[in-house]
Amino acid sequence: MSTNAQSAQVRGPLGKHDIAALIARDIPRGAFVNLGIGQPTLVADHLPADSGVVLHTENGMLNMGPAAHGDEIDPDLTNAGKIPVTELPGAAYFHHADSFAMMRGGHLDVCVLGAFQVSAAGDLANWHTGEPDAIPAVGGAMDLAIGAKKVFVMMTLFTKTGAPKLVPRCTCPLTGLGCVDRVYTDLAVFDITREGVAVRETFGVTLDELAGRLDLPLVPAGH
C-alpha cells in the first residue's frame with residue numbers, strides 16, 4: 001500500500017465531496033468527461049479552473065461548468081439530472097441524438113457513474129436493484145459504459161444494511177460487462193485489473209480489515 005494510502009487512514013470514511021475531489025484529482029488534464037446522474041455530478045465542483053477538462057452532458061451540452069447557485073441559475077441550463085449548471089467559455093449545445101453519438105463513438109475519455117454493484121471483473125450494475133418495487137432508471141449509462149475510454153465508479157462501499165457493493169458477481173441487472181476501470185468509495189479506491197481487485201488507497205481502514213469485509217481477494221496496487 002502506498003504512503004498516501006497509509007496517511008489517508010486517519011481521515012476515516014470519506015464524505016461524498018471528498019470522494020468527488022479524489023476523482024477530480026485523477027482526471028487527466030484536457031480530458032473530455034461525462035459525469036453521471038447523482039453524486040458523480042459533484043466532481044464538476046472540484047475540478048481546478050485550469051484543468052482544461054471539458055464536461056459533456058447527454059442532454060446536449062459541451063463545456064458545462066459547475067452547479068449553478070442563486071443568480072447563476074438559468075432554467076434552460078441543466079445537466080442530465082435536471083440540476084442547474086453553469087456554462088464555460090466556448091460551451092456548445094446540440095441535439096440529444098448528436099450527444100449520444102459522441103458517447104457511443106468513443107469520443108469521451110472518462111465517464112463517472114454511480115453503481116448499485118460492481119463485480120471483480122468490472123461488470124457494472126447501476127440501473128435497477130432488481131427489487132419488485134424499484135423504479136428502473138437506465139438513462140444513458142449503457143451508452144457511457146461501453147463508449148467511454150475509461151469508466152470510473154463513485155459509490156459507497158457498503159449498502160445501508162452493510163452488504164458489500166463490490167462483489168464477486170453482480171446480482172442486480174447489469175448495465176455493462178467488464179467496463180469498469182476504477183472504483184472510488186468512502187473507504188478505499190480500487191483498480192479493476194486482470195490480476196484482481198487492486199487497492200490504491202484506504203480511508204479509515206486497513207487492507208486486512210477490507211479483506212475481512214469483502215467476499216473477494218484484494219491485492220495492493222502495482223501487484
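All heavy atoms count here, side chains included; hydrogens, waters and symmetry mates do not. This is a predicted model, so every value here is computed, not measured.
When all heavy atoms of Leu157 and Asp186 are compared, the pair lying nearest together is N-OD1, 3.0 Å. Residues Ala115 and Leu124 come closest through the heavy atom pair CB-CD1, 3.6 Å. In terms of heavy atoms, Cys172 sits closest to Phe116 at SG-CB, 4.2 Å.
Among residues two or more places apart in sequence or in another chain, the salt bridge (Lys or Arg N to Asp or Glu O under 4.0 Å) test is passed with Lys149 by Asp109. For Arg104, the salt bridge (Lys or Arg N to Asp or Glu O under 4.0 Å) partners are Asp143, not counting sequence neighbours.
When hydrophobic side chains of Ile, Leu, Val, Met, Phe, Trp and Tyr are connected at separations under 4.5 Å, Ile73 ends up as a singleton with no cluster partners. Clustering of Ile, Leu, Val, Met, Phe, Trp and Tyr side chains at separations under 4.5 Å places Leu174 together with Leu177.
Residue pairs satisfying the side chain to side chain donor-acceptor pair (under 3.5 Å) criterion with at least one member in residues 67-78, sequence neighbours excluded, are absent.
With hydrophobic clusters built from ILVMFWY side chains whose heavy atoms lie under 4.5 angstrom apart, Val151 shares a cluster with Val54. Placement of Val183 and Leu218 within a single hydrophobic cluster is found when ILVMFWY residues are connected by side-chain heavy-atom separations under 4.5 Å, directly or transitively.
Using a 4.5 Å heavy-atom cutoff, the side chains of Val53 and Arg29 are not in contact. Ile23 is listed as a side-chain neighbour of Ile19, based on a closest heavy-atom distance under 4.5 Å. In this structure the side chain of Thr86 never reaches within 4.5 angstrom of the side chain of Leu77, judged on heavy atoms. Side-chain contact between Met61 and Glu87: present, with at least one pair of heavy atoms (C-beta onward) separated by less than 4.5 Å. Within the 4.5 Å cutoff, side-chain heavy atoms of Val189 are placed close to those of Arg182. Within the 4.5 Å cutoff, the side chain of Asn34 has no heavy atoms near those of the Val112 side chain. The side-chain heavy atoms of Phe190 and Leu166, taken from C-beta on, include a pair separated by under 4.5 Å. Looking at Lys165 and Thr159, their side chains come closer than 4.5 Å, going by heavy atoms from C-beta outward.
Between the side chain of Ser99 and the backbone N or O of Glu58 there is at least one donor-acceptor pair closer than 3.5 Å. Between the side chain of Ser119 and the backbone N or O of Val167, no donor-acceptor pair lies under 3.5 Å.
Within 6.0 Å of CG in Asp98 there are more than 12 heavy atoms belonging to other residues, nucleotides or ligands. Atom CZ of Phe32 is surrounded by 12 or fewer heavy atoms from other residues, nucleotides or ligands within 6.0 Å.
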- Message: For Asp191 and Thr193: C-alpha separation, side-chain torsions, deciding distance, then whether side-chain hydrogen bond (donor to acceptor under 3.5 Å, both in side chains) applies.
- Response: CA-CA 6 Å; Asp191 279 336; Thr193 74; over 6 Å; no
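Between the side chains of Thr206 and Asp208, no donor N or O sits under 3.5 Å from an acceptor N or O. A donor and an acceptor atom, one from each side chain of Asn126 and Thr175, are located under 3.5 Å apart.
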Throw together a table of side-chain donor-acceptor distances under 3.5 angstrom for residues 36-47, partners on residues two or more places apart or in other chains.
from: Thr41; atom 1: OG1; to: Gly38; atom 2: O; distance (Å): 2.7
from: Asp45; atom 1: OD1; to: Ala67; atom 2: N; distance (Å): 3.3
from: His46; atom 1: NE2; to: His17; atom 2: ND1; distance (Å): 3.1

